2 protein chains.
Amino acid sequence: MAKEMKLNRKILDLNEKYAAKNSEFFAARNINCFNVISSPGAGKTTLLYHTIKTISEAISPSVIVGDIATDLDAAKLKNTGVPAIQINTEGACHLTAKQVNDALLELNDHAPDMVFIENVGNLVCPSAFQLGETGKVTILSTAEGDDKPAKYPGSFANSLALVISKIDLLETGAVDFDVDKVISQVKKLNNDIAIFQVSSKLGQGIEPWCSWLLENSKR
Amino acid sequence: MAKEMKLNRKILDLNEKYAAKNSEFFAARNINCFNVISSPGAGKTTLLYHTIKTISEAISPSVIVGDIATDLDAAKLKNTGVPAIQINTEGACHLTAKQVNDALLELNDHAPDMVFIENVGNLVCPSAFQLGETGKVTILSTAEGDDKPAKYPGSFANSLALVISKIDLLETGAVDFDVDKVISQVKKLNNDIAIFQVSSKLGQGIEPWCSWLLENSKR
């Protein structure tokens, strides 16, 4: 086990070197970068689609999308009219800072003033790999159940914001999800976290979430 | 990157050594072992609860449960009356064969004739770590969307069975999930896979799934 930890340490050290580069890139250009983390199917792409459509009226965002395979998500996000770069991790469970660094070199010409990174759908690994982001945003869908912050504390504990997605499912009575319980659990892990409740499908809750992003785009 | 791959190779080699031990353990006792993989919140625990209640009438299963934190899932599964061992991975994104080996030593006295391993909620990493299981079972909830087999092919390509869960959500009209599209995508990855549609909430589809398990318990 000690050996395994030492090996993991080397991988993380290499990652942190590139994360520092990315952080410098963002700081030099006054860009806020949000690393968006969730389980598969929590609604990252759909939320980002509506978010980008809304905030593009005020600023110029770009997006970097990580997936194991396919370019489905970048293709969807390109429909917003902003630059979207797809990274295929070819089996890997999270984006690395090096992959993001390569994508930033491509994005540089577009001079974005906000960058979203849609990480690989995984509530565990992405939170352990810094990408040089300004902050992490975790998305939790109501369909996933209200015990997830207790069972997967990592990304909740280390995010600037939590978006509770698919709140329209609450009204169907088909999911067991106590919003107050989730908020209370998450606040215990991370008292400063901003929490939003959104239905991308119905357009509910998009405005306060986008206002928070724009507020946080002023350094 | 070559260095990182070499380090990962060492971790996988160590894992495979214990996976072989587990495989011998199962073979010597005529036990079928199913490694159950899904995203967080796809309904692994609830499905296993109803599955174990049903098949316990015919055979004596045991269950090993992996979670980052808490013993919530093992506590739920103990209510079925069968032995349930919780493993906390303390941040790690998948179970290792060594952790399963430790749990099997504890389970040995109970002489189970089927073992379920509920892996950490993660559609990516668990499929890369063999646990010595007879076969993998992937669970995909309708709330996750129908593009998941294309985007996360690994566990679908390597499973004996797929359980499409939360089919009751289809009737609410609140999820975008085309069952035929998913079946077609999955069959392209893995033509021999058995596919079941289940609502644990309503008890729909539990019988054919349990019949398949019992059929597969006859070596």
Side-chain angles (χ1 to χ4, degrees), chain A residues 1 3-4 6-11 14-15 38-43 45-46 67-70 72-73 76 89 91-94 96 98 120-128 140-154 166 168-177 199 201, chain B residues 1 3-4 6-11 14-15 38-43 45-46 67-70 72-73 76 89 91-94 96 98 120-128 140-154 166 168-177 199 201:
Chain A
M1 198 60 189
K3 197 174 182 184
E4 189 170 326
K6 204 170 155 193
L7 301 180
N8 283 333
R9 189 66 253 164
K10 282 190 188 177
I11 294 170
L14 182 70
N15 191 69
S38 81
S39 304
T45 311
T46 310
D67 273 299
I68 306 274
T70 79
L72 292 169
D73 287 356
K76 278 182 204 161
T89 64
C93 53
H94 60 90
T96 65
K98 169 76 166 69
V120 177
N122 184 334
L123 202 50
V124 187
C125 315
S127 70
L140 176 68
S141 138
T142 60
E144 292 176 72
D146 53 24
D147 57 354
K148 295 303 166 293
K151 288 173 62 187
Y152 303 83
K166 306 192 187 183
D168 51 294
L169 287 179
L170 296 174
E171 291 155 28
T172 66
V175 295
D176 298 317
F177 191 92
S199 164
K201 197 174 186 108
Chain B
M1 198 60 189
K3 198 174 182 184
E4 188 171 325
K6 204 171 157 191
L7 300 180
N8 283 333
R9 191 63 252 163
K10 282 190 186 177
I11 293 170
L14 182 69
N15 191 69
S38 82
S39 304
T45 311
T46 310
D67 273 300
I68 305 274
T70 80
L72 293 168
D73 286 356
K76 277 182 206 161
T89 63
C93 54
H94 60 90
T96 66
K98 169 75 167 69
V120 177
N122 185 332
L123 202 50
V124 188
C125 315
S127 70
L140 176 68
S141 137
T142 59
E144 292 175 73
D146 54 24
D147 56 355
K148 295 304 167 293
K151 289 173 62 186
Y152 304 84
K166 306 191 188 186
D168 50 296
L169 287 178
L170 295 174
E171 290 157 28
T172 68
V175 295
D176 298 316
F177 191 93
S199 164
K201 198 176 185 105

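Keep in mind that this is a model prediction, so the values were computed, not measured. Residue numbers begin at 1 in each chain, while the letters A, B, ... track the order of the sequences.
- Contacts of Ser199(B) classified as side-chain hydrogen bond (donor to acceptor under 3.5 Å, both in side chains), with partners at least two apart in sequence or in another chain: Asp168(B).
- Both the backbone and the side chain of Lys151(B) come within contact range of chain A, judged by heavy atoms closer than 4.5 Å.
- Scanning for side chain to side chain contact (heavy atoms under 4.5 Å, CB included) contacts around Thr46(B) gives His50(B), Ser200(B), with sequence neighbours left out.
- Considering only heavy-atom pairs separated by less than 4.5 Å from chain B, the leading option among Gly154(A), Gly121(A), Pro153(A) is Gly121(A).
- The choice from Pro40(A), Ala143(A), Ala174(A), Ser39(A) that makes the most heavy-atom pairs within less than 4.5 Å of chain B is Pro40(A).
- Contact of Lys98(B) with chain A is not made at all, since no heavy-atom distance falls under 4.5 Å.
- If you tally non-hydrogen atom pairs under 4.5 Å between each of Val120(B), Thr142(B), Leu123(B), Asp73(B) and chain A, the highest count goes to Asp73(B).
- Side-chain atoms of Asp147(B) and Lys76(A), non-hydrogen and from C-beta on, do get closer than 4.5 Å to each other.
- Contact annotation for Ser141(A): neither backbone nor side-chain heavy atoms come within less than 4.5 Å of a heavy atom of chain B.
- Asp67(B) contributes no side-chain N or O that, together with a main-chain N or O of Thr70(B), makes up a donor-acceptor pair within less than 3.5 Å.
- Residues Gly173(A) and Lys201(B) come closest through the heavy atom pair O-NZ, 4.1 Å.
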